[in-house]
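Take a look at the structure below.
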There are 2 protein chains.
Amino acid sequence: AQIALERGYEERREYDARYRMLLATTRDAMVFVSASDGRIKDLNAPAASLLGAARDELTGVVFAQEFKDRRAGEFVDNLISLAMSETTSNLMVTARRSRKKLHIQPSIFRAAGERILICRLDAEADGQAVDDRLA
Amino acid sequence: AQIALERGYEERREYDARYRMLLATTRDAMVFVSASDGRIKDLNAPAASLLGAARDELTGVVFAQEFKDRRAGEFVDNLISLAMSETTSNLMVTARRSRKKLHIQPSIFRAAGERILICRLDAEADGQAVDDRLA
């Protein structure tokens, strides 16, 4: 059992390290959200920048609260439906802190018995944002 | 020990799942390379596409062999030096299969006693590629 335990620990450390390096290196803005409580489990620097706060300020907060006019339960349900739909549709939101208009593209997976949403955030294209301001 | 073992297993599964979902979701082309043997440990679909083969064809192959005029040992040493340098320089290579000109931006980390390079690949900007063809 000792050997198995140590091997498990080493493997866990390897996946943990790969996960952290990948999250730190990717330029896409990514947020991991628990589907059960709707809280941010983890996010990278580009995502924190789009939301308008530091990573450690955002970790653990209710994801829906970061957006205008979004209620927690309903918001997670919307993300889950989108993640499960066959079309690649996304959700359009306005970040409360940065006031940026963002598209959220969610996927869902199950890890250690928990359902987790991985959400890619994209700022609205500059051209569109300009059009909106002019309209 | 049984409880600790099971908890380790669940945690490993969670990091493994998060890692896999993140790798599948990011649009940046990413390749994980072992610093000890120079072989590709893992890569995502955008990276496979830039290199010009399927993911499973590329997993386990010597990374240097995927590029023109690159020798295995020297190539890994170059990537390690770049990863450790303070400037954000990158390596310019030509993919053997796709013939695409690529920039490699490496970072290095240690996981489970092994040094692993995480390499972000970027295709040369379209404008530059056109210039090259015209020259």
Side-chain angles (χ1 to χ4, degrees), chain A residues 1-36 40-47 59 79 82-83 88 90 103-122, chain B residues 1-36 40-47 59 79 82-83 88 90 103-122:
Chain A
Q2 189 61 27
I3 292 161
L5 221 160
E6 276 168 8
R7 193 187 297 140
Y9 179 70
E10 287 289 291
E11 278 179 26
R12 188 166 78 247
R13 278 196 13 184
E14 164 147 9
Y15 283 121
D16 184 17
R18 280 209 216 179
Y19 163 73
R20 277 173 215 280
M21 284 301 293
L22 185 57
L23 191 62
T25 311
T26 184
R27 286 168 300 191
D28 283 318
M30 297 288 198
V31 185
F32 287 85
V33 177
S34 162
S36 55
I40 296 176
K41 288 178 76 82
D42 204 354
L43 76 169
N44 64 1
T59 305
L79 292 175
L82 264 177
T88 56
N90 59 55
H103 296 276
I104 305 181
Q105 176 87 59
S107 303
I108 194 163
F109 66 105
R110 186 175 287 275
E114 189 189 10
R115 285 196 305 173
I116 297 174
L117 289 153
I118 176 169
C119 298
R120 199 175 66 211
L121 309 183
D122 285 296
Chain B
Q2 188 60 27
I3 292 160
L5 222 158
E6 277 169 6
R7 193 187 298 140
Y9 178 70
E10 286 289 292
E11 279 179 25
R12 188 166 77 247
R13 278 197 12 184
E14 164 147 9
Y15 282 120
D16 183 18
R18 281 208 217 179
Y19 163 74
R20 278 174 214 281
M21 283 302 292
L22 185 56
L23 192 63
T25 311
T26 184
R27 286 168 298 191
D28 284 317
M30 297 288 198
V31 185
F32 287 85
V33 177
S34 162
S36 54
I40 295 176
K41 288 178 76 81
D42 204 355
L43 76 168
N44 63 3
T59 306
L79 292 175
L82 265 178
T88 56
N90 60 56
H103 297 276
I104 305 182
Q105 175 87 59
S107 304
I108 194 163
F109 66 104
R110 186 176 287 276
E114 189 189 9
R115 285 196 304 172
I116 297 174
L117 288 153
I118 176 169
C119 299
R120 200 176 63 212
L121 310 182
D122 284 296

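All chains are named by letter (A, B, ...) in the order of the sequence lines, taking the proteins before the strands, and each is independently numbered beginning at 1.
For residues 107-122 of chain B, the pairs satisfying salt bridge (charged side-chain N to carboxylate O under 4.0 Å, His left out) are A:Arg27-B:Asp122, B:Lys41-B:Glu114, B:Arg120-B:Asp122, with sequence neighbours left out.
Listed options B:Met21, B:Arg20, B:Arg18 were ranked by heavy-atom pairs under 4.5 angstrom with chain A; first place goes to B:Arg18.
Contacts with chain A (heavy atom to heavy atom, under 4.5 Å) involve these residues of residues 28-36 of chain B, listed by number: B:Asp28, B:Met30, B:Phe32.
Counting only heavy atoms from C-beta outward, the side chains of A:Cys119 and A:Leu79 approach each other to under 4.5 Å. Residues A:Leu121 and A:Ile104 meet the side-chain proximity criterion, which asks for heavy atoms closer than 4.5 Å.
In this structure, the portions of A:Leu22 lying under 4.5 Å from any heavy atom of chain B include both its backbone and its side chain.
Looking at every heavy atom in both residues, A:Pro46 comes nearest to A:Thr26 through CG-O, 4.0 Å. Here the shortest heavy-atom pairing between A:Ile108 and A:Ala83 reads N-CB, 3.8 Å.
A:Tyr19 and A:Asp42 form a side-chain donor-acceptor contact under 3.5 Å, judged by distance and modelled atom types alone.
A distance of 7.0 Å separates OG1 of B:Thr59 from CD1 of B:Ile40, quoted to the nearest 0.5 Å.
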